[in-house]
Amino acid sequence: MAKADRTAAIAEIADQFRESGAAVLTEYRGLTVAQLSQLRNSIREHATYAVVKNTLTEKAAQEAGITAFDGHFQGPSAIAFVTGDPVEAAKGLRDFAKANPLLVIKAGVLDGKPLTTEEITKLADLESREVLLAKMAGAMKGSLTKAAYLFAAPLSQTARVVDALRQKREAEGPATEAPAAEATTDVAEGGDES
């Protein structure tokens, strides 16, 4: 490869690292072209999967400031450059690796932070962003409903008490006047009360 072509290839790969929110380095030794096409199609919405040359990619990673792949560029390598949801891309890679054990996930990087194989698996075990947002919205809705009920409870209790008093008065019938008390003479007026 000519020096100008090498420089252009390194710059292009470095740009892909910079534009991606995450990247996952894999080894694909033993996989067929059809299997690689199947993998590309399964993660297409969230990532692009490219077979790369180790020396060029290692230099491009260094140029982009990524150290997560240092020491991992051995054997036939390919990188998934994640531009969409990293959880869904990790799930696609994990599921494909389960079905095709020849795909080996070596390392990854997410928002500039290195990821081990185990961390990529944990990332794949997370629920998607949409599911997590829906759960959060449901929890918030439940909290708001509880708050509205608690604020309305004193008003409804007051209304029930007033209604109960009204019903009690209606059940007792019309109010009757108590008989007038018998006139008593006041001692000061000269009456004798003994």
Side-chain angles (χ1 to χ4, degrees), residues 1-140:
M1 186 180 272
K3 185 168 178 148
D5 292 338
R6 288 175 54 90
T7 305
I10 291 170
E12 183 181 339
I13 296 170
D15 285 342
Q16 284 184 305
F17 276 122
R18 287 185 199 104
E19 293 169 1
S20 301
V24 179
L25 177 65
T26 64
E27 183 177 322
Y28 65 92
R29 184 187 322 262
L31 292 175
T32 65
V33 172
Q35 289 171 322
L36 288 175
S37 294
Q38 180 186 3
L39 174 58
R40 281 186 181 103
N41 289 334
S42 70
I43 63 172
R44 177 164 286 154
E45 286 183 43
H46 308 286
T48 56
Y49 189 74
V51 173
V52 294
K53 291 191 179 284
N54 289 338
T55 54
L56 297 178
T57 308
E58 189 170 18
K59 288 180 182 182
Q62 289 170 355
E63 188 177 305
I66 295 174
T67 59
F69 302 135
D70 291 352
H72 291 288
F73 287 107
Q74 294 125 14
S77 299
I79 296 183
F81 293 102
V82 182
T83 53
D85 187 359
V87 173
E88 290 299 321
K91 282 182 184 183
L93 289 167
R94 178 203 58 196
D95 294 345
F96 187 85
K98 281 182 182 178
N100 301 284
L102 294 175
L103 180 73
V104 178
I105 298 173
K106 292 182 174 182
V109 63
L110 176 64
D111 294 330
K113 296 181 180 125
L115 297 175
T116 63
T117 304
E118 294 79 25
E119 291 171 328
I120 294 168
T121 303
K122 286 180 184 177
L123 182 66
D125 291 338
L126 289 176
E127 293 174 331
S128 70
R129 182 177 188 272
E130 290 78 21
V131 171
L132 292 174
L133 287 174
K135 284 185 175 184
M136 188 172 76
M140 289 175 64

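Just so you know, these numbers use all the heavy atoms, side chains as well, and skip hydrogens, waters and symmetry mates. Keep in mind that what you see is a predicted model, and the values were worked out from it rather than measured.
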With rounding to the nearest 0.5 Å, note down the distance linking [atom1] in [X] to [atom2] in [Y].
{"X": "Leu25", "Y": "Glu58", "atom1": "CG", "atom2": "CD", "value": "10.0 Å"}
{"X": "Thr48", "Y": "Ile79", "atom1": "OG1", "atom2": "CD1", "value": "10.0 Å"}
{"X": "Leu36", "Y": "Asn41", "atom1": "CG", "atom2": "CG", "value": "11.0 Å"}
{"X": "Lys113", "Y": "Leu115", "atom1": "NZ", "atom2": "CG", "value": "9.5 Å"}
{"X": "Leu102", "Y": "Gln35", "atom1": "CG", "atom2": "CD", "value": "7.0 Å"}

Check whether any side-chain N or O of [X] sits under 3.5 Å from a backbone N or O of [Y] as a donor-acceptor pair, and report yes or no.
{"X": "Ser20", "Y": "Ala23", "answer": "no"}
{"X": "Thr26", "Y": "Ala78", "answer": "yes"}
{"X": "Thr117", "Y": "Ile105", "answer": "yes"}
{"X": "Arg40", "Y": "Tyr49", "answer": "yes"}
{"X": "Glu88", "Y": "Asp85", "answer": "no"}

[X] vs [Y] side-chain heavy atoms within contact, under 4.5 Å:
{"X": "Phe96", "Y": "Gln38", "value": "yes"}
{"X": "Thr121", "Y": "Thr116", "value": "no"}
{"X": "Leu39", "Y": "Tyr28", "value": "no"}
{"X": "Leu31", "Y": "Asn100", "value": "yes"}

Taking all heavy atoms of [X] and all of [Y], pick out the closest pair and write down the distance.
{"X": "Arg29", "Y": "Gly75", "value": "NH2-CA, 3.5 Å"}
{"X": "Ala68", "Y": "Val109", "value": "CB-CB, 4.1 Å"}
{"X": "Ala90", "Y": "Ile120", "value": "CB-O, 3.9 Å"}

Using atom types as modelled, flag every donor-acceptor pair under 3.5 Å from a side chain in residues 10-18 to any protein atom, sequence neighbours excluded.
unit_1: Asp15; atom_1: OD1; unit_2: Arg18; atom_2: NH1; d: 3.0
unit_1: Arg18; atom_1: NH2; unit_2: Glu63; atom_2: O; d: 3.4

Problem - Lys91/Asp125 salt bridge by N-O under 4.0 Å criterion - result: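 Salt bridge flag = no for Lys91 with Asp125.
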Practice task
Would you mind listing every salt bridge (Lys or Arg N to Asp or Glu O under 4.0 Å) that reaches into residues 98-111, with sequence neighbours excluded?
Solution key: Glu27-Lys106
Exercise for the section: Enumerate the residue pairs fulfilling side-chain hydrogen bond (donor to acceptor under 3.5 Å, both in side chains) with a member in residues 69-83, sequence neighbours excluded, ordered by first and then second residue. Expected result: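 Listed once each, the pairs are Asn54-Ser77.
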